[in-house]
Structures are given as structure tokens and as C-alpha cells.
Amino acid sequence: MKTVRMGAGSGYWGDLLEPAIDLAKRGELDYLGFDFLAELTMSLLQRAKRRNPDTGYIPDVVPWMRALLPITHGNGTRMVLNGGGTNCEAAAEAVLRVARDADLTQLRVAAISGDDLTSRIGEFRQAGVTLANMETGERSIDEIADRIVSAHAYIGSEGIVEALAGGAEVVIGGRLADSSVYVGPLMHEFGWSFEDADWNLLGAAITVAHVIECAGICCGGMSSQWKNVPEPWNMGFPIADFRQDGTAEISKLPDTGGLINQWTIKEHLLYETHNPADYRMPDGIADLTTTRLEETGPDRVRLWDMSGRERPDMLKVQIGYTDGWIAEARVLLPWPDTMAKADRCEEIIRKRLDIVGVTPRELRFDRVGVDALAGPLARRPRRDPEEIELRVTARVDSREEAAMVNREVTHVSTIGPVGTAFGPPVKPREVIALWPTLVPRDMVPVNVTFEEI
């Protein structure tokens with residue numbers, strides 16, 4: 001029975017590079033996938049592209065391809081990534097430049113576009129699409145229409161399948177859904193289509209893709225098993241051997257750090273999952289609750305009985321819009337009386353903001369090591385900590401107000417308790433808020449272009 005062997009080369013922008021190189025060299029992979037994106041990434045990249053039209057893709061693409069292409073081009077491993085961000089064509093050109101610099105030939109790269117809806121908001125509104133906020137239920141986007149930075153649909157595997165069928169060795173998309181980076185190769189290799197789909201098989205593909213898409217996280221990263229994880233500094237990234245019958249085995253390379261067992265896999269099945277019985281992706285709806293799994297050896301887990309349902313008619317769109325500014329500064333407080341000093345500094349800063357006329361939308365004081373994580377639920381310590389970092393954050397309407405907040409925090413070093421010092425304030429930054437919504441699938445055409453050397 002045919003088996004497709006896929007490795008995860010990245011789970012986010014800035015991930016480890018060494019495990020991807022190791023997979024490329026020793027993994028005997030058919031495909032190496034890369035997820036580089038997060039919810040806010042597209043807004044950041046859209047801004048970069050506006051400043052320089054030759055940018056807008058994940059900067060990691062260039063060093064990653066420089067390290068990997070000479071290996072994968074030689075052994076036949078194909079790569080699929082969503083690192084194209086908001087400028088997949090420029091990313092494809094960058095990959096070809098890397099290939100030329102490495103004297104590689106007969107390389108075909110595909111760029112997938114269509115997910116960028118930033119300039120089409122008016123078109124959707126005229127067509128009667130409400131673009132209601134999925135989280136708040138607000139039905140009109142008009143209140144933020146003049147502050148939109150980016151709007152990108154999570155698209156599925158159609159473009160990947162077309163690109164692979166067209167002979168692409170490297171496939172670069174923008175806001176490809178994380179799981180589609182792996183579902184697409186499986187659809188291509190097994191000849192699946194959405195027209196006559198076996199939705200249980202697609203549900204299995206989505207489930208396995210969800211397990212491996214964050215790379216090292218299913219191999220003991222971010223795990224409750226962290227005490228038992230060997231050599232996390234030498235983390236191995238996961239490999240999925242997916243069989244045509246919809247069963248799979250997750251493993252990693254020998255002589256790498258990390259840990260794969262039933263618990264690390266179960267943890268990741270639930271990671272970023274609101275309803276495990278209704279895990280909605282552009283390629284289908286996976287029911288993660290039917291999945292059965294067993295440990296078949298050291299760092300090896302088999303999955304079966306995975307299931308799914310027909311893909312949704314609507315695609316999720318993440319709209320990013322500007323929504324104020326953030327000020328952030330630190331006050332450093334020594335023993336004795338650290339808690340009382342922190343309380344007094346908070347009082348001083350609040351009074352100073354009143355005097356200078358700054359009324360933040362939100363104002364937060366975190367006593368790092370005491371209540372920064374638990375907030376008001378944290379209990380005050382029975383004895384004073386040796387030291388406290390009082391982190392002050394404020395959300396305000398303008399850059400000028402953010403700068404004023406930072407300035408007022410510095411004053412406590414001279415008008416506050418003895419021993420008070422301030423750390424360097426963080427440069428004021430604009431807030432990009434998210435407006436999640438839905439659009440009809442048939443209004444988001446996907447386009448694939450090819451370039452080669």
C-alpha cells in the first residue's frame with residue numbers, strides 16, 4: 001500500500017532551522033512542509049510590502065532555502081510552505097535567486113495567490129456579504145473600514161495540488177491554512193479530489209496535518225511531559241508516514257532530542273482546538289474525537305480511525321485593523337517592602353497620568369513574579385519578594401499619548417520610593433486588532449503561477 005512520508009520543517013516564523021536540515025538530509029522524505037504564519041503575521045507583512053513592494057514574504061524563506069535547497073534538490077524532496085505571506089511572487093523570485101547562487105538547474109517554483117482580499121472589502125459588501133465579526137457578532141465592518149491593514153482568507157489545498165501536478169519542486173503560498181501544507185501533497189499523491197471526496201480520508205489527512213504542523217510541539221515541546229523530554233535543545237521535528245488507507249505513524253529521526261508518545265500527540269490534538277468534534281479547515285471538517293492511537297515503539301505513535309465531514313461553504317478571513325497604541329515600561333524595585341513600593345509606584349503613575357491628561361483605554365500593572373500571569377486571581381505573597389519588576393502597559397489612542405505614558409513611568413525613579421529604578425521603555429507600537437469573519441468560498445478564486453530555471 002502506498003505511503004507518503006512528510007516532515008515538518010517549521011511551526012512558526014523564527015523556528016529552529018537545524019531540525020529541518022536534519023530532516024532534509026536523513027529523513028528520506030517525499031515532502032517537507034513549513035508553516036510560518038500566525039494570526040497577526042499577514043498585517044505585519046502587508047505593511048512591509050507597502051513600504052517596499054519587493055518584500056512582504058517571510059524573511060526566513062531566504063536563509064531556509066539557502067540551507068535546504070541544495071539538499072532537497074539532490075534527493076527529490078519537494079517543499080511546500082506558506083512563507084509567501086503577502087507577496088508570493090517575490091518569494092518565488094527569491095527562491096530562484098538562491099537556486100542560481102547555488103548553481104542549481106531544472107528547478108520549478110510555484111506561487112499561489114488569491115487569499116489577499118484587502119482591496120476587495122467593498123466588493124464583498126456590495127455583494128451582500130456582511131463580514132460580521134465571528135467573535136462579537138457585530139454585523140457591520142463599516143466602523144473599521146478606514147483602518148483596515150490587511151484581509152486574508154485561509155485557503156486550502158487546491159492550489160497546492162495544481163502546483164505539484166505542474167511539476168513544482170517548491171510550492172509557496174500566502175495564507176494557506178496550516179494543515180493544507182500537508183493535506184495538499186496527500187491529495188496530489190493519492191489522486192484525491194473534492195468533487196468525489198472520501199471525507200473520512202480527508203479528515204484523517206487534516207488530523208495528521210494538525211498533529212505535525214507546529215513541528216517540535218508534538219515532539220515534547222510545550223508539553224506537560226517536559227521533565228521527561230531528552231535534549232530539547234537538540235529537538236527533532238516530526239515525520240508522518242501516511243498510508244493510502246488513512247492510517248498514519250508519527251515519528252522522528254533517531255539521535256535527536258524530544259519525545260513522542262501518546263500524550264504528546266494527544267496534547268497537540270487539542271492544541272488550538274475549540275471543538276475537537278468540529279475542527280473546521282478549508283479542506284474539510286475533521287472529527288478529532290474518533291482518533292485512536294497507540295505507541296508502536298520508542299518515539300513512534302500510530303493513528304487510525306480518524307474521520308471527517310464535507311468541507312465548509314465559507315472560508316475564514318482574518319482582517320487586521322489599527323486600533324490604538326501600546327505603551328510599555330518597567331520599574332525595578334528592591335527589597336525591603338517591595339510589595340508596598342510597587343503599590344506606591346502604581347499610585348504615583350495613575351496620579352501623574354491624571355495630571356497630564358492621559359486617559360488610557362486600558363491600563364495594566366503587572367508585578368512580575370507575583371501576579372503577571374494570574375492577575376487579580378493571584379494571592380499576595382506571605383513575605384516580600386527580594387525584588388519586583390513592575391511592568392506598566394497602557395493602550396491609548398495615539399503615539400503621542402503612548403510616549404507620554406512612558407515618560408511618566410520614568411519619573412518614579414526620582415519621586416518614588418528609595419531604590420526605585422526604571423528599565424528602558426519599549427518603543428510605542430501601534431495595535432493591530434483582529435476581525436475574524438467568513439466569506440463564500442466561491443468568491444475566493446485561487447491562482448497558481450510557475451517560474452523555473
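Every heavy atom of this structure was used, including side-chain atoms; hydrogens, water molecules and symmetry mates were not.
- Residues passing the side chain to side chain contact (heavy atoms under 4.5 Å, CB included) test with L44, sequence neighbours excluded: none.
- Scored by the ring pair (Phe, Tyr, Trp, His ring centres under 6.0 Å) test, H152 finds no partners at all (sequence neighbours excluded).
- Every residue was checked against the ring pair (Phe, Tyr, Trp, His ring centres under 6.0 Å) condition with F194, not counting sequence neighbours, and none meets it.
- Looking only at atom types and distance, the side chain of T72 has no donor-acceptor partner in the side chain of T77 under 3.5 Å away.
- Every pair passing salt bridge (charged side-chain N to carboxylate O under 4.0 Å, His left out) that includes a residue from residues 180-209 is listed here, sequence neighbours excluded: K2-E189.
- Legend: residues meeting salt bridge (Lys or Arg N to Asp or Glu O under 4.0 Å) with R399, ordered by chain and number and at least two apart, are absent.
- When the side chain to side chain contact (heavy atoms under 4.5 Å, CB included) test is applied to L104, the partners found at least two apart in sequence or on another chain are L69, H73, A99, A102.
- Among residue pairs with one or both ends in residues 79-106, none qualify as salt bridge (charged side-chain N to carboxylate O under 4.0 Å, His left out); sequence neighbours excluded.
- With sequence neighbours excluded, no residue forms a ring pair (Phe, Tyr, Trp, His ring centres under 6.0 Å) with Y321.
- Qualifying side chain to side chain contact (heavy atoms under 4.5 Å, CB included) partners for L164, counting only residues two or more places apart in sequence or in other chains: Y31, R78, I160, V171, P185, H188.
- Contacts of F450 classified as ring pair (Phe, Tyr, Trp, His ring centres under 6.0 Å), with partners at least two apart in sequence or in another chain: none.
- In this view, Q126 satisfies the side chain to side chain contact (heavy atoms under 4.5 Å, CB included) rule with no residue, not counting sequence neighbours.
- Applying the salt bridge (charged side-chain N to carboxylate O under 4.0 Å, His left out) test to every pair with at least one member in residues 5-19, sequence neighbours left out, gives these pairs: R5-D241.
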